[in-house]
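Letters go in sequence order (proteins before strands), and every chain restarts at 1.
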Number of protein chains: 2
Amino acid sequence: MPTPPYRQIAAELRHRITTGELAPGDRVPSENAIVSEYGVAAETARKALGVLAAEGLTEARRGSGTRVRAFRPILRRGTKRLAQSGWGEGRSIWEFDLDGRPLRADRVTVEPDAPSPAHVAVALGLAVGDPVCIRDRRYLVDDEPVMLATSYLPTALVVGSPITQPDTGPGGTYARLAELGCAPVHFREVVRSRMPLPEEAEALALGVGTPVVLIVRYAYAAEGLPVEVNEMVLDASRYLMEWEFPA
Amino acid sequence: MPTPPYRQIAAELRHRITTGELAPGDRVPSENAIVSEYGVAAETARKALGVLAAEGLTEARRGSGTRVRAFRPILRRGTKRLAQSGWGEGRSIWEFDLDGRPLRADRVTVEPDAPSPAHVAVALGLAVGDPVCIRDRRYLVDDEPVMLATSYLPTALVVGSPITQPDTGPGGTYARLAELGCAPVHFREVVRSRMPLPEEAEALALGVGTPVVLIVRYAYAAEGLPVEVNEMVLDASRYLMEWEFPA
DNA sequence: TAGTGGTCTAGACCACGAA
DNA sequence: TCGTGGTCTAGACCACTAA
């Protein structure tokens, strides 16, 4: 079982990328170039390039060409409050953009009184179908979509507050929850990663070979009362996530 | 620009998977079945199935068939110490196996006195090339590989201790660091996700369409002294990660 | 308009698994 | 042995981009 040609070609090109011979933005050999250089059929050349694309290393554009992709993430700090200096903050093995640029919200929809899905009801301590307020939006940085988010809050808790409006006002949802006497005091974030569904790929304008990171944040008020479930879908090629905690 | 046939076929099959009509473990229509059912060429049928595989929804095995994949993660608690009851622990929108099964180490190698790579040197507050102890291993659950890990510790700190041996003894590296007067008191974890490199896919026996999660853990002793950098590579289809923190 | 990537076909041969 | 997925070819047509 020798390595098939398309994998050998992919390996050669990958080597040129990982060693930096082909830098981000550089054009990778075209299908035609591979056909003539390696003496293979067009479909075989395509398949070789397809391997790199599926690995997230390259991005093809019809009419233009195939280019090496860059990883230019923004930093998401999970535990902002603990991030005092002294812990080598900012020192990472990866380069990242400072999170100075604002997240702009987009496609904001609010359903103040929707039946709770089963998995949300359990997390919020409700019965399945109990009313919840569902806040849906997309976040953009430099007009490029980077994250989708869907929040669920008990309708019984937030009815009548700006939380049921598209604009929650200064300080956002958590400030309003505090005014309602339910300020979050504890957070739990559960994270996984997978390849995107077509809708997610479309909404985030993901290139092929780009996974998404799913973060589900559970916010608790005093006495362990759950007040919010926030399901986030992040473009994995745009995010670096950080959590800090004591031993 | 109508949707090409192979995408339409993929969408139909995907729908049957996401609705549960095709459950994890079930066989998906074979290439031949798709050819005769949709009246397309074999390569087109292959491409349709390839879409689902790239999305991580299915897994093909030569001679056998293509089956729907399952997501059976194990839970990794980042902040174990904070995990007191009352915060709805264990209540997640995803099912997961309890982390009662032990992680077994595999392919353990130790280099007690290696030159530090640039990115590690910066994080550890060393000069590039200063000696570090590099501990490399693979972790398995039920004899299946789930994570790769590479630790870097300053050689000047750990020379002569069991940390430079394959077996670090009871309590592991952190217990030994404590005995050296450098007990970690603070952790920082930086996370990203991407598609695996071929070596990673091989070492973790990853199916196509399976991303990896990269966690870099920085451990600090008192006064912010960095004592360890641990680069982990997790099979995204086997892990759920959790972090908890106060507001 | 020339070059690029995207889709599709019809046919071939191979490697592997299960019956 | 037969059905499965994996690879490859030679050729065709299309859609898009840039010069």
Next item on the list: Can you sort out the partners of A/Arg137 under salt bridge (Lys or Arg N to Asp or Glu O under 4.0 Å), two or more places apart, ordered by chain and number?
Entry: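 A/Arg137 satisfies salt bridge (Lys or Arg N to Asp or Glu O under 4.0 Å) with no other residue.
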
Next item on the list: Output all residues satisfying salt bridge (Lys or Arg N to Asp or Glu O under 4.0 Å) with A/Asp143, sequence neighbours left out; order by chain, then residue number.
Entry: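 Counting only residues at least two positions away or on another chain, A/Asp143 forms a salt bridge (Lys or Arg N to Asp or Glu O under 4.0 Å) with A/Arg104.
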
Next item on the list: Check each residue of residues 46-63 of chain B for a non-hydrogen atom within less than 4.0 Å of any atom in DNA chain C, then write out the ones that pass by number, or none.
Entry: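 DNA chain C contact set from residues 46-63 of chain B: B/Lys47, B/Arg62, B/Gly63.
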
Item checked: Contacting residues from residues 26-42 of chain B, given that a heavy atom lies under 4.0 angstrom of DNA chain C ->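 Output list: B/Val40, B/Ala41.
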
Next item on the list: Take atom CD of A/Gln8 and atom C1' of D/dG6, then tell me their distance rounded to the nearest Å.
Entry: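 Interatomic distance, CD of A/Gln8 to C1' of D/dG6: 15 Å.
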
Check: Which whole-number value in Å describes the distance from A/Arg7 CZ to C/dA15 P?
Finding: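 Interatomic distance, CZ of A/Arg7 to P of C/dA15: 16 Å.
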
Note to self: The criterion is side-chain contact (heavy atoms from CB on, under 4.5 Å); which residues satisfy it with A/Thr109, sequence neighbours excluded?
What the structure shows: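 Per chain and number, A/Thr109 pairs via side-chain contact (heavy atoms from CB on, under 4.5 Å) with A/Asp136.
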
Next item on the list: Return the set of residues passing side-chain contact (heavy atoms from CB on, under 4.5 Å) with A/Pro112 (not counting sequence neighbours), or none when no residue passes.
Entry: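 With sequence neighbours excluded, A/Pro112 shows a side-chain contact (heavy atoms from CB on, under 4.5 Å) to A/Thr164, given in chain and number order.
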
Notebook entry, point to check: Got a sec, which pairs hit side-chain hydrogen bond (donor to acceptor under 3.5 Å, both in side chains) with one end in residues 51-60 of chain B, sequence neighbours left out?
Noted result: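 Residue pairs with at least one partner in residues 51-60 of chain B: B/Arg14-B/Glu55.
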
Check: Which nucleotide in the set C/dT9, D/dT9, C/dT7 lies at the smallest distance from any side-chain heavy atom of B/Pro4?
Finding: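 Closest nucleotide to the B/Pro4 side chain: C/dT7.
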
Check: If you measure from the Lys or Arg side-chain nitrogens to the Asp or Glu carboxylate oxygens, is any gap between A/Glu111 and A/Arg135 under 4.0 Å?
Finding: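 Answer for the salt bridge query: no.
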
Next item on the list: Using a cut-off of strictly less than 4.0 Å, decide whether B/Ser64 has a side-chain nitrogen or oxygen near OP1 or OP2 of C/dC16.
Entry: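 So the side chain of B/Ser64 is outside the cut-off, no N or O lying under 4.0 Å from OP1 or OP2 of C/dC16.
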
Next item on the list: Using side chain to side chain donor-acceptor pair (under 3.5 Å) as the criterion, list what pairs up with A/Arg62, not counting sequence neighbours.
Entry: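 Side chain to side chain donor-acceptor pair (under 3.5 Å) list for A/Arg62, sorted by chain: empty.
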
Next item on the list: Only pairs at least two apart or in different chains count here, so list each salt bridge (Lys or Arg N to Asp or Glu O under 4.0 Å) that has a residue in residues 28-42 of chain A.
Entry: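 Only A/Glu31-A/Arg46 qualify under salt bridge (Lys or Arg N to Asp or Glu O under 4.0 Å).
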
Next item on the list: Starting from the 5' end of DNA chain D, give me the residue, B/Gly65 or B/Glu43, whose nearest nucleotide shows up first.
Entry: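 Between the two, 5'-proximity favours B/Gly65.
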
